[in-house]
Amino acid sequence: MLTWPRTVRVFAYTQPTDMRRSFDRLGSMVQQVLHQDPFSGHLFVFVNRFGDRMKILFWDRSGYALFYKRLEQGVFHLPTWPA
């Protein structure tokens, strides 16, 4: 089980994301689309078109960490907010 400090926030990009994107391209999306600092230590969540794969980008003071999860069954459900 992973634990995070209370100061860590989670930002979810709810549009489908190309899972071939690397650390740098996801970091660029954090800046350009989410308007956040990818070096902030917060978690940035991205899901693919089918909802069965998720990447979480995280800066840990020494470099990027990328968590990747592929579901064998089912899909991830991200929250949606009114536009």
Side-chain angles (χ1 to χ4, degrees):
M1 176 185 206
L2 298 172
T3 59
W4 306 102
R6 301 187 106 193
T7 56
V8 172
R9 296 174 64 193
V10 178
F11 294 90
Y13 181 63
T14 57
Q15 300 299 314
T17 304
D18 183 354
M19 289 292 114
R20 296 174 294 181
R21 288 183 181 251
S22 65
F23 295 94
D24 296 324
R25 290 187 67 199
L26 290 172
S28 178
M29 281 184 69
V30 168
Q31 288 179 315
Q32 296 172 4
V33 180
L34 296 175
H35 306 290
Q36 297 294 322
D37 179 12
F39 305 111
S40 64
H42 298 308
L43 302 176
F44 300 97
V45 179
F46 303 91
V47 234
N48 70 337
R49 179 173 49 145
F50 301 110
D52 64 342
R53 296 166 194 224
M54 175 184 284
K55 281 188 176 182
I56 302 174
L57 184 68
F58 173 75
W59 179 263
D60 73 354
R61 290 183 277 173
S62 65
Y64 279 127
L66 189 63
F67 303 101
Y68 184 66
K69 174 76 173 187
R70 182 187 73 193
L71 295 178
E72 292 300 319
Q73 294 180 357
V75 295
F76 292 106
H77 295 281
L78 294 180
T80 57
W81 291 273

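The first residue in the sequence is number 1, and the count goes up from there.
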Exercise for review: For residues 44-61, pull every pair meeting salt bridge (Lys or Arg N to Asp or Glu O under 4.0 Å), keeping only residues two or more places apart or in separate chains.
Suggested key: none

**Study point:** Residues that Asp18 engages under salt bridge (Lys or Arg N to Asp or Glu O under 4.0 Å), provided they are two or more places apart
**Key:** Arg20

Check your understanding: Out of Trp4, Phe11, Tyr68, which residue meets the ring-ring contact (aromatic ring centres under 6.0 Å, His included) rule with Phe58?
Key -> Trp4

Check your understanding: Taking only residues two or more places apart in sequence, or in another chain, which ones meet Val75 in a side-chain contact (heavy atoms from CB on, under 4.5 Å)?
Key -> His77

Check your understanding: Would Phe46 and Phe67 show up in the same hydrophobic cluster when neighbours are defined by side-chain heavy atoms closer than 4.5 Å?
Key -> no

Review point. In terms of hydrophobic clusters joined by side-chain contacts under 4.5 Å, are Val45 and Met19 together?
Key: no

Review point. For Arg70, what residues pass the salt bridge (Lys or Arg N to Asp or Glu O under 4.0 Å) criterion, not counting sequence neighbours?
Key: Glu72

Review point. Under 30°, 30 to 60°, or over 60°: which ring-plane class applies to Tyr64 and Phe23, parallel, tilted or perpendicular?
Key: parallel

Practice item. Find out if a path of hydrophobic residues (ILVMFWY) with successive side-chain heavy-atom gaps under 4.5 Å connects Leu43 to Trp59. Key: no

Practice item. List in chain and number order the residues that pass side-chain contact (heavy atoms from CB on, under 4.5 Å) with Val47, two or more places apart in sequence or in another chain; answer none if no residue qualifies. Key: Met54, Phe76, Leu78

Taking distance alone, no hydrogens or angles, what donor-acceptor pairs closer than 3.5 Å link side-chain atoms of residues 26-39 to residues at least two apart or in another chain?
| unit_1 | atom_1 | unit_2 | atom_2 | d |
| --- | --- | --- | --- | --- |
| Ser28 | OG | Gln32 | NE2 | 3.2 |
| Asp37 | OD1 | Phe39 | N | 3.0 |

**Study point:** Heavy-atom neighbours of Phe50 CZ exceed 12 at 6.0 Å
**Key:** no

